[in-house]
S.K.: 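A single structure is presented below for examination.
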Amino acid sequence: HTRYISVTGVQTCALPIFRIAEDDDETELPHLRQLTIEDFIKRISLKSHEAALTPFFANKRILITGAGGTLGQALAKKLLKCKPHDLILVDHDENRLNAITEELSHQDLYVRIHPYLMSIRSKSTLESIFAHHKPEIVLHAAGLKHIPLVEENPASAFETNLLGFRNLADVARAHQVRSFVTLSTLGAHHPQNLLDALKHLEETYTLALDAVERHKPQGTQFIPIRFGNIAMSHGSVLEKIQHQIDNLRPITLTHPEAERSFHCLEDLVNLILESLLYHGHYQGASRIDLKSTRLNSSHTDISRMPSSA
């Protein structure tokens, strides 16, 4: 918890709530920290089952696509603490894949990290990876995510977000992966653009596979999970707004009443991983919609976002 003091012309910081005993003259004050946009997102109170994550993921072979992205990296870091047997990291971005590989390798010398610099468009390479490592859990976080670029490059979006996804799902099914999670978007419910439409098709294929696999003794669980925007992820609208505030520029709004759904990254990672724990208890409830916080463009929260300058 934090309390905020806002004074015009004075930098605003957060001070954790603390208590000082009446007879204690040596208590050190906690350090002030700079406010972040996450402080202005009202986090939804959810019961945490974090203690159950380690026994569930321990000694598992887990493959993450898009492992160099904001969400992929966060998932990999969280899973590393659960002591999996192998973490197989797939990404097409050399610098990001190298960065997360080095970070994880230094944090834990016993978990085996396997980075693969590749595109999920290559089904033959996926076949080779699955045959060699035999992953038990797949977390699919790869794909094009920026709506303007997707609209300008429909062929690339189709090849990556749909054909690449199908390659991954088909290979996972052929190799009898235990659980396959594909990360979707809230916009897939009522598609308003090409990205949402591709995600809708991805979900439809996922649910169709799950319906077939559910009747097999060793069938793969296919789980589509919908969520909103990740606060301050690379290229997010909040990152753009933060940059505008820092540079004393006007804030760009698409529409005064436009709303966006946001998740704090830490909360989202926990929700995704916990969804795997309990998905099997809900027969027929294959799609999971994760709750998020909505910010309105005209909401005072937008104007209260802090400057890091």
Side-chain angles (χ1 to χ4, degrees), residues 48-67 69 71-91 111-114 116 120 123 126-127 129-143 164-185 188 199 202-227 267-290:
S48 176
H49 303 278
E50 193 168 347
L53 293 180
T54 296
F56 182 85
F57 292 106
N59 297 313
K60 296 288 196 310
R61 299 180 299 276
I62 305 170
L63 184 146
I64 304 172
T65 68
L71 182 54
Q73 286 196 22
L75 286 168
K77 292 175 186 177
K78 184 72 174 184
L79 286 168
L80 187 72
K81 299 176 181 178
C82 298
K83 304 296 181 182
H85 192 277
D86 295 86
L87 274 179
I88 304 123
L89 310 178
V90 174
D91 203 285
V111 177
R112 297 190 293 188
I113 311 296
H114 310 280
Y116 283 92
I120 57 174
K123 189 172 184 178
L126 288 172
E127 288 276 10
I129 293 173
F130 276 73
H132 180 66
H133 293 290
K134 297 178 173 55
E136 300 166 85
I137 297 171
V138 173
L139 301 174
H140 177 46
F165 157 76
R166 190 181 70 177
N167 288 340
L168 184 68
D170 289 349
V171 171
R173 182 188 180 198
H175 287 268
Q176 296 184 313
V177 167
R178 180 182 301 180
S179 298
F180 182 104
V181 175
T182 183
L183 303 176
S184 187
T185 174
K199 284 296 184 182
E202 182 180 309
E203 284 189 9
T204 302
Y205 193 72
T206 303
L207 294 173
L209 290 180
D210 187 62
V212 173
E213 292 291 302
R214 191 180 301 158
H215 301 290
K216 298 180 180 179
Q218 301 297 323
T220 301
Q221 273 191 331
F222 283 92
I223 312 168
I225 297 181
R226 290 177 180 169
F227 56 91
D267 295 344
L268 180 58
V269 167
N270 286 335
L271 287 168
I272 290 171
L273 297 182
E274 289 175 15
S275 296
L276 270 169
L277 299 182
Y278 301 103
H279 178 72
H281 296 297
Y282 303 100
Q283 296 298 323
S286 296
R287 184 189 289 113
I288 300 173
D289 289 8
L290 299 185

S.K.: Starting at OG1 of T65, measure out to CZ of F165 and round the result to the nearest 0.5 Å.
M.R.: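 Going from OG1 on T65 over to CZ on F165, the span is 10.0 Å.
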
S.K.: Which pair of non-hydrogen atoms, one from I223 and one from T206, has the smallest distance, and what is that distance?
M.R.: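 Distance-wise, the nearest heavy atoms are N-CG2, 4.0 Å.
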
S.K.: Between K134, E136, E127, which is the residue that forms a side chain to side chain donor-acceptor pair (under 3.5 Å) with H175?
M.R.: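 With H175 as partner, side chain to side chain donor-acceptor pair (under 3.5 Å) holds for just one option, E127.
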
S.K.: Among H140, R226, E203, which residue satisfies the side chain to side chain donor-acceptor pair (under 3.5 Å) criterion with S184?
M.R.: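 Answer to the side chain to side chain donor-acceptor pair (under 3.5 Å) test with S184 among H140, R226, E203: E203.
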
S.K.: Could you pull out all residues at least two apart from K83 that satisfy side chain to side chain contact (heavy atoms under 4.5 Å, CB included)?
M.R.: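 Side chain to side chain contact (heavy atoms under 4.5 Å, CB included) check on K83 returns D108.
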
S.K.: Return yes if some donor-acceptor pair links the side-chain N/O of K199 with the main-chain N/O of L183 below 3.5 Å, else return no.
M.R.: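 Here the side-chain-to-backbone pair exists.
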
S.K.: Does F222 form a side-chain contact (heavy atoms from CB on, under 4.5 Å) with V212? I'd like the steps, not just the answer.
M.R.: CA-CA 10 Å; F222 283 92; V212 173; over 6 Å; no

S.K.: Measure the shortest side-chain to side-chain distance between I225 and L271 over non-hydrogen atoms and say whether it is less than 4.5 angstrom.
M.R.: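 A side-chain contact under 4.5 Å is absent here.
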
S.K.: Between atom CZ of R112 and atom NE2 of H85, what is the distance when rounded to the nearest 0.5 Å?
M.R.: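 Taking CZ in R112 and NE2 in H85, the distance rounds to 4.5 Å.
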
S.K.: So how far is it from F130 CZ to L168 CG, rounded to the nearest 0.5 Å?
M.R.: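 Here the interatomic distance stands at 5.0 Å.
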
S.K.: Of all heavy-atom pairs between P224 and L207, which one has the smallest distance, and what is that distance?
M.R.: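 Scanning both residues completely, I find the closest heavy atoms to be CG-CD2, 3.8 Å.
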
S.K.: Measuring from I129:CD1 to I120:CD1, what's the distance to the nearest 0.5 Å?
M.R.: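 Atom-to-atom, I129:CD1 and I120:CD1 are 11.0 Å apart.
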
S.K.: Which pairs of donor and acceptor atoms, one on a side chain in residues 72-79, lie under 3.5 Å apart (sequence neighbours left out)?
M.R.:
| residue | atom | partner | partner atom | Å |
| --- | --- | --- | --- | --- |
| Q73 | NE2 | G68 | O | 2.9 |
| K77 | NZ | E103 | OE2 | 3.3 |
| K78 | NZ | E50 | OE2 | 2.3 |
| K78 | NZ | N270 | OD1 | 3.2 |

S.K.: Of all heavy-atom pairs between A172 and T220, which one has the smallest distance, and what is that distance?
M.R.: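 Scanning both residues, the minimum pair turns out to be O-OG1, 4.1 Å.
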
S.K.: Return the CG to CD1 distance between L89 and I64, rounded to the nearest 0.5 Å.
M.R.: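 Separation between the atoms: 6.0 Å.
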
S.K.: Please find the pair of heavy atoms, one from L277 and one from A52, that lie closest to each other, and give the distance.
M.R.: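 It is CD1-CB, 3.8 Å.
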
S.K.: Go through I137 and F56 one step at a time and tell me if the side-chain contact (heavy atoms from CB on, under 4.5 Å) criterion holds.
M.R.: CA-CA 11 Å; I137 297 171; F56 182 85; 4.1 Å; yes

S.K.: How close do D91 and G69 get, counting heavy atoms only, and between which atoms?
M.R.: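 Taking D91 first and G69 second, the nearest heavy atoms are OD2-N, 3.8 Å.
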
S.K.: Kindly indicate whether the side chain of I113, heavy atoms from C-beta on, has any atom under 4.5 Å from the side chain of L80.
M.R.: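 A side-chain contact exists here, since the closest heavy-atom pair is under 4.5 Å.
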
S.K.: For residues A169 and L209, report the shortest heavy-atom separation together with the two atoms involved.
M.R.: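 In terms of heavy atoms, the two residues are closest at CB-CD1, 3.9 Å.
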
S.K.: Between the main-chain N or O of H133 and the side-chain N or O of R61, is there a donor-acceptor pair closer than 3.5 Å?
M.R.: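 Yes; at least one donor-acceptor contact below 3.5 Å.
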
S.K.: If you round to the nearest 0.5 Å, how far is CG of N59 from CG of D86?
M.R.: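 Between D86 CG and N59 CG, I get 10.0 Å after rounding to 0.5 Å.
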
S.K.: Salt bridge (charged side-chain N to carboxylate O under 4.0 Å, His left out) with K81: which residues, sequence neighbours excluded?
M.R.: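 Expected list: none.
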
